[in-house]
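Bear in mind that the values here come from a model prediction, so they are computed numbers and not experimental data. Each ligand, and each atom within it, is numbered from 1 in the order the structure gives.
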Amino acid sequence: MKVLHVAAEIYPLVKTGGLADIVGALPQALISAGADVRLMLPGLPAIVQGVEVQSVVCVVGAIFGAGQVTIRIGKVVGSGVDAYIIDAPYLYKRPGSPYQGLDGNEWSDNVQRFALLGWAAAHLAAGDFDPSWTPDVLHAHDWHAAMACAYTACRPVTTSSTVFTVHNLAYQGVFPVDDFHLLHLPSRMMVPGGLEYHGQFSFMKAGLKYAHRVTTVSPNYAREIATDEFGCGLDGVIRARGAAVSGILNGVDGEVWNPTTDCFIAANYSADQFDGKAICKAALQLEMGLHSDPLAPLFSVVSRLTSQKGLDLLLTALPGLMEDARTAGTQLVIQGNGDPVLEAAFAGAAKAYPGRVAVRVGYDEPLAHRIIAGADAMVVPSRFEPCGLTQLYALRYGTVPIVRRVGGLADTVMDATHEAMQADTATGFMFGHATPAALGLALDHAVQNYRNPAAWSRLIQRGMAQDFSWSASAQQYLALYQEVIRSR
Ligand code: ADP
Ligand code: GLC
């Protein structure tokens, strides 16, 4: 089976969040399971640099405002996965993130930049660019690639089946109606039953409407996005797709996130040989300027700082955690970037509690590994969370997750209720309401368990024994691909 994955990010070349980790790992997992998988990626500077031995597949010429578009093929450094690169310097050769300039503003021509990604993928899938390789399935990720489903649907004959995966419904790619002509799509698609969305048009909606199958990254989030509370205005569209929408849980890339081989951390360790964990904790306390104290419960956060992640709840709960006698000595390390208000507030907290709260504002992959390895617990208090990866990495590193009961967090963590502790099934701590008080109770519960070394050790051992490798999820994707091909 030939499958084309289309996305704007890929670890380790371009990453703003978990999407990149998935696009880096899932194709490899599918290849191991026997599929013939290639990628299509925009020619962002790091992607052009990180894809080797590029040869020209097809010269497209001028389109979407770019004077010259060329499709090349090469291999992603490291994984060796074949990738088609859309070489369009006018649209993609820029510093900054794939979505924003260095000033933090969205690129003003994102409509063209990501229409081109979808358009090129649809043409490749139809055999227009590389007749030697036409995929059976075109698999588009998030709004950036969603237009591939619309461009495929508007062809008189569609060859490939399309699958669209929602990694985060909150980011939708909505543009003014005046830009519709830039898409080169028939006006019959600019209707409420098509791309039209409250007087504008939406790339996310294009994926949801026109893909043959829609998936999201956990079964629980698949149920949630069909509700008003989590549907971000698109729950009606999602409900209308009925059984065409399903959830497949993300996996963990065991090559990148593995405490027995991780070269970023102070000492390697495993569930059986756990001594290295204490070395990682001591090294982290030293690096971050925290008091050197092997017995202090060390909580951690590695996250984008956005309202999604609920870290304002942690800020409000923090004085209680720091000052209450029940949680005396607790430490917190936070690594994140995003909302300047949250960045400043956490920097203020570090000043208020020197030696006990440490903050690193910025993006730093090796530090994320050192934090996840060195901390005792990882806090993920999200308001919504399609899957969440840091709690999965934490489980693998013997770092106990404390999460809100939402989205993929609810699918992947087993709450340490009295019953679960008795039954030996608990792997972490959960809270329900998105309030500082509810989070505070969960943090307190975690500290009390931490002070019971036998109970804490069982939590760690069960967490490390969980299997979140890609193999099971890759099989589910293959079954979905087979089902969609058969049904058409
Ligand atoms: P999301 O995709 O919503 O940001 P996930 O939990 O799925 O959330 O994935 C986040 C990914 O980004 C993880 O790999 C995490 O380690 C990483 N990450 C988040 N913030 C930072 C940061 N400041 N520095 C390094 N890595 C980060
Ligand atoms: C999104 C979601 C996150 C998910 C990631 C990868 O960024 O916010 O929950 O883990 O995509 O699918």
Side-chain angles (χ1 to χ4, degrees), residues 5 7-12 14-26 97-99 139-145 164-172 204 215-222 224-225 230 232 247-253 255-257 262 264-265 300-311 333-339 342-343 346 358-373 375 378-397 399 401 403-404 406-413 468 470 473 477:
H5 279 260
E9 302 184 25
I10 181 167
Y11 176 85
V14 173
K15 170 167 168 176
T16 72
L19 168 66
D21 291 8
I22 304 316
V23 177
L26 174 58
S97 100
Y99 319 116
H139 188 156
H141 295 269
D142 263 352
W143 75 262
H144 329 119
F164 175 55
T165 294
V166 178
H167 291 264
N168 194 332
L169 197 60
Y171 301 96
Q172 301 187 348
M204 175 64 83
T215 72
T216 186
V217 288
S218 69
N220 193 36
Y221 191 61
E224 288 176 343
I225 56 175
F230 293 100
C232 300
I248 298 178
L249 197 65
N250 284 333
V252 171
D253 187 332
E255 301 267 303
V256 180
W257 294 96
D262 193 326
F264 295 131
I265 64 180
S300 66
V301 170
V302 175
S303 184
R304 290 184 293 117
L305 300 180
T306 65
S307 73
Q308 170 187 347
K309 301 295 180 180
L311 293 164
V333 50
I334 294 167
Q335 180 195 9
N337 57 346
D339 180 352
L342 285 171
E343 288 179 355
F346 278 116
V359 176
R360 286 287 183 280
V361 171
Y363 195 91
D364 180 344
E365 196 77 27
L367 178 61
H369 285 245
R370 293 198 294 276
I371 290 176
I372 292 174
M378 160 134 301
V379 189
V380 192
S382 306
R383 292 201 161 74
F384 67 94
E385 196 60 75
C387 177
L389 295 174
T390 54
Q391 86 282 8
L392 300 181
Y393 302 155
L395 285 165
R396 218 173 139 79
Y397 279 68
T399 304
V403 304
R404 185 156 174 252
V406 73
L409 301 172
D411 281 339
T412 53
V413 176
F468 290 113
W470 267 108
S473 301
Y477 277 112

#### Entry: Those residues that, when tested against Thr215, pass side chain to side chain donor-acceptor pair (under 3.5 Å) (two or more places apart)
Thr165
### Query
Between Phe384 and Tyr221, how do the two ring planes meet: parallel, tilted or perpendicular, split at 30° and 60°?
parallel
### All side chain to side chain donor-acceptor pair (under 3.5 Å) counterparts of Arg370, not counting sequence neighbours
Glu287
### Query
Would you call the rings of His167 and His141 parallel, tilted or perpendicular, where under 30° means parallel and over 60° means perpendicular?
tilted
### Whether over 12 other heavy atoms sit under 6.0 Å from Glu255 CD
no
### Heavy-atom pair with the smallest gap, counting every atom of Gly338 and Glu343
N-OE2, 2.8 Å
### Query
Mind checking whether His144 and Tyr99 have parallel, tilted or perpendicular rings, split at 30° and 60°?
parallel
### Task
Using a strict cut-off of under 4.0 Å between a residue heavy atom and any atom of ligand 1, list the qualifying protein residues by chain and number.
Lys15, Gly17, Gly18, Asp21, Val302, Ser303, Arg304, Gln308, Lys309, Gln335, Gly336, Asn337, Gly362, Tyr363, Asp364, Ala368, Glu385, Gly388, Leu389, Thr390, Tyr393
### Query
Is the ring centre of Phe164 less than 6.0 Å from the ring centre of His139?
no
### Task
Determine, step by step, whether Leu249 and Trp470 satisfy the side-chain contact (heavy atoms from CB on, under 4.5 Å) criterion, reporting the C-alpha distance in whole Å, the side-chain angles of both residues, the deciding distance to 0.1 Å, and the verdict.
CA-CA 9 Å; Leu249 197 65; Trp470 267 108; over 6 Å; no
Give me the pairs of N or O atoms, one from ligand 2 and one from the protein, that sit under 3.5 Å apart.
unit_1	atom_1	unit_2	atom_2	d
ligand 2	8 (O)	Asn168	ND2	3.3
ligand 2	8 (O)	Gln308	NE2	3.1
ligand 2	8 (O)	Glu385	OE2	3.4
ligand 2	9 (O)	Glu385	OE2	2.5
ligand 2	9 (O)	Pro386	N	3.4
ligand 2	9 (O)	Cys387	N	3.0
ligand 2	9 (O)	Gly388	N	2.9
ligand 2	10 (O)	Gly388	N	2.9
ligand 2	11 (O)	His167	O	3.4
ligand 2	12 (O)	His167	ND1	2.6
ligand 2	12 (O)	Asn250	ND2	2.8

